[in-house]
Amino acid sequence: MRELSRRLLVASEIAADRSVHEAAVMSEKLRIPLTRFAGAEGFASLLRRALVLASVEVPLLQSIKVGLDGRLEGFEELAADPGAAVKSSEAAVAITSHLLGLLGTFIGEPLTLRLVREAWPDTSLDESH
Amino acid sequence: MSGRGNDQRKDQSEVRVPIRQLPTGVPGLDEILGGGLPEYSFNIIAGAPGCGKTTLAHQIMFATATPERPALYFTVLGEPAIKMLRYQQQFGFFDHATMAASIRFINLSHLVMEQDLGAVLDAIMKEIETSNAGIVVVDSFRTVVRKALNGLSEMELQGFVQRLALHLTSWQATTFLIGEYVEGELRDNPVFTVADGLFWLYQNVERNSIVRKMQVMKLRGQESVPGMHTFRITDAGLQTFPRTFGLVGQSGQVKGQRRLSTGVSELDELMGGGIPEGDSLLLAGPSGSGKSTLGTQFIAEGLRQGEPGIVAVFEEIPAEYAQRAAMFGFDFDTPQRMASSRSSISVRWTSPSMRRSTRSSTALRRSAASDWSLTRWSASRWRWPPASALTSASRCTA
Ligand SMILES: Nc1ncnc2c1ncn2[C@@H]1O[C@H](COP(=O)(O)OP(=O)(O)OP(=O)(O)O)[C@@H](O)[C@H]1O
Ligand SMILES: [Mg+2]
């Protein structure tokens, strides 16, 4: 899921801007199809678990929280930290891959990829691209 | 006059609107329903927790959904979609290609908890309009109703169900609402009144076994088979065993035109030539009096004449049975290896949980009817199978 998350991040073409954190954009893209599928609470609880798992690898995520609506919060405080910007992509990949990994564990890869396709409809998930 | 009456009747059947019947994908269920699931019907699957409602809905959905007319599965509280799919994909009917192309899961929990029934109806209808869904499942609808009853009158609830049914039918969807109900709730329930089809699933304890049963309490527009039908859940999903043993519409063969030798010539003589073909015969007697031996001889005689047979064994394993037959000089091993040949036998051990249920006799009847024109039966020491199950078999000793 890590390689896939990396490709998805590249495909998302997130502009290099301190005010938007890549992790927030990535999880926001998944939020819509996953909420439709698993409900707002279902998505929020998966994201909370993914965030905790990702924080082990990227400690600056420890200050990030999942809001009631299933959005990642707390990036504003990080904006001032120059180290956070460097780690932005790494954090986004860590959260995305843990979230997809959790889904894969529960419902299997084919169904997970289907949800990913809904979130990134214009991105080919084929390895060769 | 009467001639004109007949003409009129004929005209009626020609102009009658045809109701297409969808194959359910559940072995035996189409027969119970009287041919299949009426298209555009509004149905309820009811039963206690764990009786197989979700599995039944999934199996039907996988059999009927197409990319042009996909299935929408609305989850409402109850079992979350993530768990449902985790468990349902263990079943053999779960096909990832169908899932990807023709099935969508939509969570309605937040709407049901936070909004009124009107918003729930709007959300369902919007999804159906944009997807062109042909199959719609709401699991569990009971939670919608429970929420509605907090502050709504029964009339308003009935109005909601009526509107839901009306819209779903207008959009040409075949619908299943799933509910955890107990039998006592059957009366005066507005939801049941609106439904075209009501499928009730049971899970009863009989002695130490669990027996799953199903009843089609109503099915508008066609004649379903009334009564309780046994079913089981295996890795393949649900399998039903219609109470009618698949004999609906079969005239059955004329009995007694031939006599079948018992393998004991003196006994044949006493019986006027042997057992009338197609008869069911009860062999009774105290322990050790030779009932099983006579049954074995009957089967052996069939093999000698090139007639295949089936032995349903309850108290031994097939190898032991064949060994006992070998002691009398009968070879039951070779014929068992020649499965589809005319002079073959099938010795089947029937597990205790299968006993006294229609499903074992149906299973045996099927193997008898499949390719064998003639079948010898020998079921040792048992009040079973019922004679009705055996009309396709030519000989029977039970
Ligand atoms: N592979 C299997 N083999 C045999 N039985 C199985 C198998 N998988 C599931 N079951 C049976 O199916 C039951 C679950 O059925 P299902 O989830 O469809 O019930 P349900 O009526 O929807 O229950 P609930 O009301 O709790 O949602 C299990 O309790 C189990 O007994
Ligand atoms: Mg269920």
Side-chain angles (χ1 to χ4, degrees), chain A residues 1 4 8 27-53 66-71 95-127 129, chain B residues 54 58 61-62 65 67 70-115 119-120 122-124 126-128 130-131 133 137-140 143-144 147:
Chain A
M1 292 297 170
L4 174 66
L8 291 174
S27 78
E28 187 57 19
K29 275 188 182 275
L30 279 165
R31 190 176 66 89
I32 294 147
L34 280 178
T35 299
R36 199 175 131 86
F37 169 70
E41 277 207 58
F43 172 70
S45 69
L46 282 175
L47 186 58
R48 235 166 251 138
R49 173 76 181 145
L51 182 62
V52 168
L53 295 172
V66 177
L68 280 180
D69 57 354
R71 280 170 222 263
I95 286 204
T96 313
S97 59
H98 278 295
L99 188 55
L100 297 182
L102 280 175
L103 272 177
T105 305
F106 294 128
I107 60 174
E109 196 171 303
L111 292 175
T112 303
L113 292 183
R114 184 179 154 196
L115 291 163
V116 170
R117 261 182 220 110
E118 282 178 42
W120 280 271
D122 305 319
T123 305
S124 165
L125 303 184
D126 198 338
E127 298 280 341
H129 288 271
Chain B
T54 299
H58 272 77
M61 176 168 79
F62 273 93
L72 292 186
Y73 204 103
F74 292 100
T75 53
V76 189
L77 305 172
E79 189 178 1
I82 288 186
K83 283 199 179 179
M84 204 178 270
L85 284 175
R86 178 176 169 77
Y87 296 133
Q88 289 296 320
Q89 63 183 281
Q90 309 303 322
F91 289 114
F93 61 75
F94 192 102
D95 172 51
H96 278 283
T98 308
M99 180 70 208
S102 318
I103 295 171
R104 261 147 254 180
F105 275 77
I106 298 151
N107 187 291
L108 287 181
S109 308
H110 58 290
L111 268 184
V112 171
M113 293 215 279
E114 289 156 22
Q115 312 249 335
V120 174
D122 289 346
I124 292 178
K126 207 174 121 229
E127 294 287 353
I128 289 158
T130 49
S131 62
V137 183
V138 184
D139 188 0
S140 132
T143 54
V144 179
K147 144 96 184 192

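Lettering of chains follows the sequences in order, A, B, ..., and the numbering in each one begins at 1. All heavy atoms count here, side chains included; hydrogens, waters and symmetry mates do not.
Within the 4.5 angstrom heavy-atom criterion, only backbone atoms of B/Ile103 (N, CA, C, O) approach chain A. Residue contact with chain B, scored on non-hydrogen atoms closer than 4.5 Å, is absent for A/Leu113.
Of the charged side-chain nitrogens involved, at least one lies within less than 4.0 Å of a carboxylate oxygen, so that B/Glu127 and A/Arg36 count as a salt-bridged pair.
The two atoms that bring A/Gly108 and B/Gln89 nearest to each other are N-NE2, 4.4 Å, heavy atoms only. Smallest separation of non-hydrogen atoms from B/Leu85 and A/Phe37: CD1-CE1, 3.3 Å. When every heavy atom of A/Ile107 is checked against every heavy atom of B/Arg86, the shortest pair comes out as CG2-N, 4.4 Å.
The number of heavy-atom neighbours closer than 6.0 Å to CZ of A/Arg48, taken from other residues, nucleotides and ligands shown, is above 12. Counting heavy atoms of neighbouring residues, nucleotides and ligands inside a 6.0 Å radius, atom NZ of B/Lys83 does not exceed 12 of them. Surrounding CD of A/Glu118 are more than 12 heavy atoms belonging to other residues, nucleotides or ligands, all under 6.0 Å away.
By the side-chain hydrogen bond (donor to acceptor under 3.5 Å, both in side chains) test, A/Arg114 pairs with no residue at all, sequence neighbours left out.
For the set B/Gln88, B/Met99, B/His110, the entry with the most heavy-atom pairs within less than 4.5 Å of chain A is B/Met99.
Atoms CG and CG, from A/Leu34 and B/Asn107 in turn, are 11.0 Å apart once rounded to the nearest 0.5 Å.
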